[in-house]
Amino acid sequence: MRVLVVEDEEFLADMIVSGLRRAELTVDIAHNSRAALDRLRRDAYDVLVLDRDLPGLHGDEVFRYVVEQGLPTRVLQLTGAGPDGRQEPGADDRLAKPFAYEALRDRVLALGRRARSNRPPVIERAGVRVDTGRRLALRDGRPLALSRNEFGVLEVLLRAQGTVVSGDELIEEVWEEHPSYRTNAVRVTLGTLRAKLGDPPVIEAVPGAGYRMGDGAEPGGGGEPEPTAGARG
């Protein structure tokens, strides 16, 4: 599950992010609305934890961007406890400050489950098709016999819609138990997956960043990226 936390109070933001990462979620942070909008334009998130009262551009503008773009991201708004602590119409949930961290974590997990349940069951790019409901994968109509991790990696890369996914993000999304040698586990799985997909290659390695699904217009990169814990993009 991937979460974006938008909160201008750095101590509170760090507390939220640290707690959610301990819950084994992939979490990014933005301290203002413009940084949040940049993140949302580049990356895909299951849940957005959004403080309404941000300096400069108001937090409601971030929420409206999610709505106008039709993003599947679920929104948990953090509001003041006073009479102005209203919820923007259409927001998925609201939590008034101050709050217990456990309450925020439980709401984020619940929203993440809702976001994932609404994902389209069939995704396709560059002739590669994955039916998540039936656990089927095909390349140009040819069925692929994939392991659980190979299928999971392929699904994550397809859902990223051509943006870069880091090795650490693949581990967080796919592996039930995080392996000790994270980069090697990803590389081994990517190697067998690429072999099963065949030519022309569609999974590209982005040095120093991660991997992405190409559009099939040009041959994919064959090199391996340097280990990275960074986010997409």
Side-chain angles (χ1 to χ4, degrees), residues 1-67 71-88 90-117 156 163 165-178 180 182 209-210 227-233:
M1 184 186 302
R2 191 158 190 211
V3 181
L4 175 61
V5 174
V6 187
E7 170 60 62
D8 65 308
E9 297 179 34
E10 293 192 14
F11 177 81
L12 177 59
D14 290 343
M15 181 199 75
I16 294 171
V17 170
S18 297
L20 293 178
R21 285 176 176 166
R22 284 196 301 272
E24 299 187 348
L25 305 184
T26 300
V27 188
D28 293 329
I29 188 170
H31 292 298
N32 57 65
S33 292
R34 299 195 184 281
L37 290 171
D38 286 342
R39 286 278 190 180
L40 289 167
R41 291 185 184 108
R42 295 197 317 264
D43 305 328
Y45 294 95
D46 296 298
V47 180
L48 172 64
V49 179
L50 176 64
D51 181 19
R52 291 189 70 243
D53 299 320
L54 294 170
L57 190 66
H58 198 273
D60 287 351
E61 297 302 316
V62 178
F63 173 78
R64 290 176 189 137
Y65 175 82
V66 171
V67 174
L71 302 182
T73 307
R74 298 289 181 168
V75 180
L76 171 61
Q77 288 186 336
L78 304 181
T79 69
D84 293 332
R86 62 181 180 85
Q87 181 177 355
E88 179 72 6
D92 297 288
D93 201 354
R94 181 189 71 173
L95 191 60
K97 298 179 181 179
F99 53 82
Y101 162 72
E102 290 78 9
L104 180 138
R105 178 200 60 206
D106 291 347
R107 293 180 187 221
V108 167
L109 292 174
L111 290 175
R113 288 190 291 269
R114 288 169 58 188
R116 292 189 169 202
S117 67
V156 171
T163 60
V165 183
S166 73
D168 277 2
E169 286 180 295
L170 289 173
I171 290 287
E172 295 286 349
E173 291 279 354
V174 176
W175 271 257
E176 292 181 345
E177 296 183 4
H178 294 182
S180 299
R182 304 169 76 113
T228 175
R232 294 179 196 147

How far apart are the closest heavy atoms of [X] and [Y], and which atoms are they?
{"X": "G59", "Y": "L50", "value": "O-CD2, 3.4 Å"}
{"X": "V108", "Y": "V3", "value": "CG1-CG2, 3.9 Å"}
{"X": "L20", "Y": "R105", "value": "CD2-CA, 4.2 Å"}
{"X": "D28", "Y": "R2", "value": "OD2-NH2, 2.6 Å"}
{"X": "R107", "Y": "R94", "value": "NH1-O, 2.6 Å"}

Between D46 and R74, does any side-chain N to carboxylate O distance fall below 4.0 Å? no
Using 4.0 Å as the upper bound for N to carboxylate O, is an ion pair formed by E7 and K97? yes
Taking [Y]'s backbone N and O only, do any of them form a donor-acceptor pair with [X]'s side chain (distance below 3.5 Å, no angle check)?
{"X": "D51", "Y": "L54", "result": "no"}
{"X": "D8", "Y": "H31", "result": "no"}
{"X": "E61", "Y": "H58", "result": "no"}
{"X": "Y101", "Y": "G19", "result": "yes"}
{"X": "T73", "Y": "Y45", "result": "yes"}
{"X": "S33", "Y": "L57", "result": "yes"}

Roughly how far, to the nearest 0.5 Å, is the OG1 atom of T26 from the CG atom of L4? 12.5 Å
Sequence-distant partners of D38, side-chain contact (heavy atoms from CB on, under 4.5 Å), two or more places apart: R41, R42
Counting only heavy atoms not in E102, do more than 12 sit closer than 6.0 Å to its CD atom? yes
Identified side chain to side chain contact (heavy atoms under 4.5 Å, CB included) partner of V6 from the options I29, V75, L48: L48
Sole candidate of V62, D60, D93, V49 that passes side chain to side chain contact (heavy atoms under 4.5 Å, CB included) when paired with Q77: D60
side-chain hydrogen bond (donor to acceptor under 3.5 Å, both in side chains) filter on E9, not counting sequence neighbours, yields none
pair L104-L76: side-chain heavy atoms closer than 4.5 Å: yes
